[in-house]
Amino acid sequence: MLKTPSPTTLTASGHAEGVSNDEFRAALSRLAAGVVLVTAQEPPLDPDDPTAPGVEDVGMTATAFMSVSLDPPLVLVSLREGSRMDDLLAEQPLWAVSVLAESQRHIAGRFAMRGRISDRLLFEDIPYARGEATNAPLVGGALATLECRTEQRVAAGDHTLVIGRVLTARVPSAEGGPLTYFRGRYRQLG
């Protein structure tokens with residue numbers, strides 16, 4: 001007769017017994033990930049007020065991004081619960097992704113900063129075009145760009161998994177390799 005293992009005992013923090021935050025981070029830092037810039041437009045705070053500021057571009061660096069399905073074309077991005085992008089995509093269903101090239105490390109770092117300056121200033125000197133389906137910024141020189149519409153949001157621990165249907169997919173640049181994230185640093189292949 002096969003014995004099934006007993007369920008792992010969880011500590012008060014919700015971690016499996018014996019697994020600390022540092023151990024978990026160290027183990028997962030050994031998994032290389034591609035780096036993307038997720039962008040969207042924040043609608044005006046008061047659309048009925050003609051003096052209110054117009055839409056604002058918002059961006060966030062992400063390494064937890066993946067394809068989910070070919071038919072229909074779906075992708076997934078993981079957002080820290082309560083982050084500006086998580087809050088925005090809870091209200092705004094249209095967003096875009098730029099797959100960053102190895103030469104775009106400065107863009108990844110700029111949009112990953114905590115306590116950063118306004119997004120308007122972050123986009124100021126970055127070449128981008130507006131997406132035809134989302135009007136969100138698509139970074140110039142990116143290896144690929146995708147425009148998406150949220151299909152589903154799934155709560156997962158301290159993150160939200162946002163699954164998006166791909167509305168457009170382009171490969172504007174075949175030059176260079178991808179920007180990757182490994183052991184806590186941006187890296188290049190090779």
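For the pair Thr39 (side chain) and Pro137 (backbone), a donor-acceptor distance under 3.5 Å is present. For the pair Arg165 (side chain) and Glu151 (backbone), a donor-acceptor distance under 3.5 Å is absent.
To the nearest 0.5 angstrom, Thr180 atom OG1 is 8.5 Å from Arg105 atom CZ. Remark: Thr150 OG1 to Glu91 CD distance equals 11.0 Å, nearest 0.5 Å. To the nearest 0.5 Å, atom CG of residue Leu179 and atom CZ of residue Arg187 are 11.0 Å apart. Annotation: the span from Arg80 atom CZ to Thr160 atom OG1 amounts to 10.5 Å, rounded to 0.5 Å. To the nearest 0.5 Å, the span separating CD on Gln104 from CD1 on Ile126 amounts to 8.5 Å. In this structure, the separation between CD on Gln152 and CG on Leu76 is 9.5 Å, given to the nearest 0.5 Å.
No option in Val162, Leu146, Val38, Leu37 other than Leu146 meets the side-chain contact (heavy atoms from CB on, under 4.5 Å) test with Phe65. When each of Thr145, Val36, Val35 is paired with Ser98, the side-chain contact (heavy atoms from CB on, under 4.5 Å) condition holds for Thr145 and for no other.
Taking both residues in full, the closest heavy atoms of Ser78 and His159 are given as OG-CD2, 3.2 Å, listed atom of the first, atom of the second, then distance. Of all heavy-atom pairs spanning Ile107 and Thr61, the tightest one is O-OG1, 4.1 Å. Residues Leu138 and Val97 approach most closely at CD2-O, 4.4 Å, considering heavy atoms. When all heavy atoms are compared, the tightest approach of Ala40 to Leu94 is CB-O, 3.8 Å. Heavy-atom minimum distance, Ala133 versus Glu147: N-OE2, 3.1 Å. Among all heavy-atom pairs drawn from Tyr186 and Ala112, the shortest one is OH-CB, 3.7 Å.
The hydrophobic clustering, which links ILVMFWY residues whose side-chain heavy atoms are closer than 4.5 Å, places Leu89 and Val154 apart. The hydrophobic cluster containing Met113 also contains Tyr181, counting ILVMFWY residues as joined when their side-chain heavy atoms lie under 4.5 angstrom apart, directly or transitively. Cluster membership check: Val99 does not share its hydrophobic cluster with Met66, using side-chain heavy-atom separations under 4.5 Å among Ile, Leu, Val, Met, Phe, Trp and Tyr.
Under the 4.5 Å side-chain criterion, counting only non-hydrogen atoms from C-beta, Met60 is not in contact with Leu88. Residues Asp57 and Arg130 have side chains in contact (heavy-atom distance under 4.5 Å, counting atoms from C-beta outward).
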Problem set entry | Chi angles and distances behind the side chain to side chain contact (heavy atoms under 4.5 Å, CB included) call for Val77, Met85 | CA-CA 11 Å; Val77 65; Met85 189 62 75; over 6 Å; no
For this session: Test side chain to side chain contact (heavy atoms under 4.5 Å, CB included) on Val55 and Gln92 and set out the steps.
Result: CA-CA 12 Å; Val55 296; Gln92 160 64 282; over 6 Å; no
